[in-house]
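As the structure is a computational prediction, the values presented were derived from the model and not from experiment. All chains are named by letter (A, B, ...) in the order of the sequence lines, taking the proteins before the strands, and each is independently numbered beginning at 1.
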There are 2 protein chains.
Amino acid sequence: MSKKTDRRNQLIDIIRAKNGASIKELANLLDVSEMTIRRDLAVLEEDNIVNNVYGAAIYNPDKKYDSIDNYEISTAQTKQDSEKNKIGAFAASLIEPRDIIVIDTGTTTENLAKHIDDTIEATALCYNANILNYLRAKENLTIFIAGGRYHTKTQMVESAEGISLINSMRFTKAFISAAGVHQNLGVTCAYAYEVPTKKAILKSSVEKILLLDSSKFGKVKTAYFADLSDFDVIITDDSLPTEWREEIERLQIKLYLV
Amino acid sequence: MSKKTDRRNQLIDIIRAKNGASIKELANLLDVSEMTIRRDLAVLEEDNIVNNVYGAAIYNPDKKYDSIDNYEISTAQTKQDSEKNKIGAFAASLIEPRDIIVIDTGTTTENLAKHIDDTIEATALCYNANILNYLRAKENLTIFIAGGRYHTKTQMVESAEGISLINSMRFTKAFISAAGVHQNLGVTCAYAYEVPTKKAILKSSVEKILLLDSSKFGKVKTAYFADLSDFDVIITDDSLPTEWREEIERLQIKLYLV
DNA sequence: TAAAAAATGTTATAATAACAACAAAATAAC
DNA sequence: GTTATTTTGTTGTTATTATAACATTTTTTA
């Protein structure tokens, strides 16, 4: 194992044991410069192992990382996570002051919520409890939540009344996620209950932005909610096959590869 | 004094949930200045609940398996908070299997949510982000949230569509909080935007249960939403003056003193 | 082994947080 | 109610951390 990986495993061990640690402390413990610690922590944050704040790193409380004992193994498992993270971060950078955005349910859009500028003045509607919790921390964000039945598996909230609220609003940007994109069978998601809400936000938004990692292309899931041509922008990672790049270009959709 | 303790309990809850948090984030979440957060965190560090680093507080890992769910118990501070906690715990004990309950916004009802049996099979509607987070942890609870605009100060969510959702449902028990109860001027709350929602849940529920600590009796706040006679049950603490006990008996309302 | 590449360290500057001291507001006491 | 006390907020200053750009060291590879 490389010196670098070894050090990152040590970092994870220390941070996990203490719930979090300052960068200064970590640099002293591992006898490297603070700059090196910062660079390591940026990688660990990409992989959702820690959350970095000014001066310190906090161990990600998410249970699924509780028993990591080898970082190299864990990186393989979380590669897709880090792509979702990058896609989310890029999408967040598209948000401009006074935007009225709607954020779809999903882990990719959760990463978007996480990365929204802390001080940007904007309005955001969501319908996912995790996303709501990220949005609540933002200083100048006006928040709406479309209510309804809460689904434990997806943290999504959904109802006819929630859709009414969406229909009564207008958005400058819709950030939408999907579980599959197929050339003939369109854009799909995993659960039928998501469909009416997704259709509603598509109808009420100026710019429709699709967020999904490249592994979703060519896949089909149970619930159809849109065609690829319904979107104005697609954000995905650079592993996207050439044929899909061409198809997206043909449909005159703006494509961002992060 | 109670406000302070209350805020510190909230701080502990947030920091525990996230393993740690930046001071900026905490100040935004609780809508107080960073200076206040720093002063609170200094106290919590004294009590070994958190470790403070530059820019952030990290939850003390030694406390991980302690079940202090109320800071004031560990420091023997003000009464009002522990009363709210007791009232909430008692109210939670009234919930029976297959109940369909609605939980109003407020710190007392937040305590109720905290104390709901982890495995009880029931349905609950709420419209407060903190309460939602407590309910999400319950295994067999079916959860609804009435959506709308999120209010930072109270963590309440509210809208016409949220009220529509409430009107479309029926509840076996409504747990309602208030900021004031006056013999002539009725039951009041602090913000006008709470009123339509409170009226809606009163209309849709079989049993209407009022939760409030005894200091609220005799008080009047800006927004009127009900008369005392609209309630079937009152849960408060045993400091309730005799004249109020008599009044409640006269109105044939079931009174629980905890 | 030398050259190339990668990783780490250093420095100066910019950004952010801490702190102290005082002002304002809220609460308690009379 | 009014005054005293406590709590919270604000401001200016100081201390600390982040970042970028470049230098140095270490590791790879031919």
Side-chain angles (χ1 to χ4, degrees), chain A residues 1-11 15 20-46 50-58 71-72 75 89 93 115 117-120 137-140, chain B residues 1-11 15 20-47 50-58 71-72 75-81 83-84 107 152-154 179-180 190-191 213-216 218-222 239:
Chain A
M1 200 185 298
S2 76
K3 215 164 103 179
K4 193 173 61 174
T5 316
D6 201 40
R7 187 184 58 238
R8 289 179 186 168
N9 278 319
Q10 282 185 68
L11 277 175
I15 296 166
S22 73
I23 286 167
K24 190 173 236 172
E25 183 181 7
L26 293 167
N28 288 336
L29 281 168
L30 300 189
D31 201 31
V32 292
S33 71
E34 293 183 16
M35 201 60 228
T36 298
I37 298 292
R38 285 196 189 95
R39 289 191 262 241
D40 284 341
L41 290 177
V43 175
L44 298 185
E45 185 171 50
E46 278 282 288
V50 302
N51 296 316
N52 291 329
V53 297
Y54 198 98
I58 293 160
Y71 179 59
E72 260 175 351
T75 45
S93 75
H115 285 99
D117 185 295
D118 277 325
T119 57
I120 201 163
K138 312 293 175 183
E139 209 164 345
N140 299 315
Chain B
M1 205 147 58
S2 162
K3 216 165 96 180
K4 193 172 62 176
T5 316
D6 197 42
R7 188 185 56 238
R8 287 176 188 169
N9 277 320
Q10 284 186 65
L11 278 175
I15 296 166
S22 73
I23 286 167
K24 190 174 232 171
E25 183 181 8
L26 293 168
N28 287 337
L29 278 170
L30 300 190
D31 203 30
V32 294
S33 72
E34 295 185 7
M35 203 61 223
T36 298
I37 298 293
R38 284 195 190 96
R39 289 190 265 240
D40 284 340
L41 290 177
V43 175
L44 298 185
E45 186 169 50
E46 279 281 292
D47 293 338
V50 301
N51 296 315
N52 291 329
V53 297
Y54 198 97
I58 292 161
Y71 174 60
E72 148 280 321
T75 54
Q77 295 232 338
T78 35
K79 269 189 179 156
Q80 207 156 338
D81 244 29
E83 275 154 9
K84 284 181 179 179
T107 47
T152 309
K153 236 188 204 121
T154 55
Y191 301 95
D213 65 83
S214 61
S215 72
K216 308 283 172 62
K219 295 272 165 64
V220 176
K221 295 283 166 172
T222 48
S239 310

Which residue lies toward the 5' end of DNA chain D, A:R38 or B:M35, if each is placed at its nearest nucleotide?
->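 Nearest nucleotide further toward 5': that of B:M35.
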Nearest-nucleotide wise, let me know which of A:V53 and B:V32 is further upstream toward the 5' end of DNA chain D.
->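 The answer here is B:V32.
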Would you mind reading off the distance between [X] atom [atom1] and [N] atom [atom2], rounded to a whole angstrom?
{"X": "B:K24", "N": "D:dT16", "atom1": "NZ", "atom2": "C1'", "value": "15 Å"}
{"X": "B:E25", "N": "C:dA17", "atom1": "CD", "atom2": "C1'", "value": "15 Å"}
{"X": "A:D117", "N": "C:dA15", "atom1": "CG", "atom2": "P", "value": "14 Å"}
{"X": "A:N28", "N": "D:dT17", "atom1": "CG", "atom2": "P", "value": "10 Å"}
{"X": "B:D40", "N": "C:dC19", "atom1": "CG", "atom2": "P", "value": "14 Å"}
{"X": "B:R7", "N": "D:dT8", "atom1": "CZ", "atom2": "C1'", "value": "8 Å"}
{"X": "B:R39", "N": "D:dT10", "atom1": "CZ", "atom2": "C1'", "value": "10 Å"}
{"X": "A:I23", "N": "D:dT19", "atom1": "CD1", "atom2": "C1'", "value": "12 Å"}

Quick one: do A:R7 and A:D40 make a salt bridge, cutoff under 4.0 Å?
->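 Salt bridge flag = yes for A:D40 with A:R7.
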Polar side-chain contact B:Y54-D:dT17 base: donor and acceptor under 3.5 Å =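 Check fails, no donor-acceptor contact within cut-off.
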Taking all heavy atoms of B:A179 and all of B:A190, pick out the closest pair and write down the distance.
->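 Answer, listing the atom of B:A179 first, then B:A190: CB-N, 4.1 Å.
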State whether B:T36 places a side-chain N or O below 4.0 Å from either non-bridging phosphate oxygen (OP1 or OP2) of D:dG9.
->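 Result: yes.
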Do B:R39 and B:V43 come close enough that some side-chain heavy atom pair is under 4.5 Å?
->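 Heavy-atom side-chain distance check fails, nothing below 4.5 Å.
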Under 4.5 Å between any side-chain heavy atoms of B:L41 and B:L26, yes or no?
->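 Side chain of B:L41 against side chain of B:L26, heavy atoms only: contact under 4.5 Å found.
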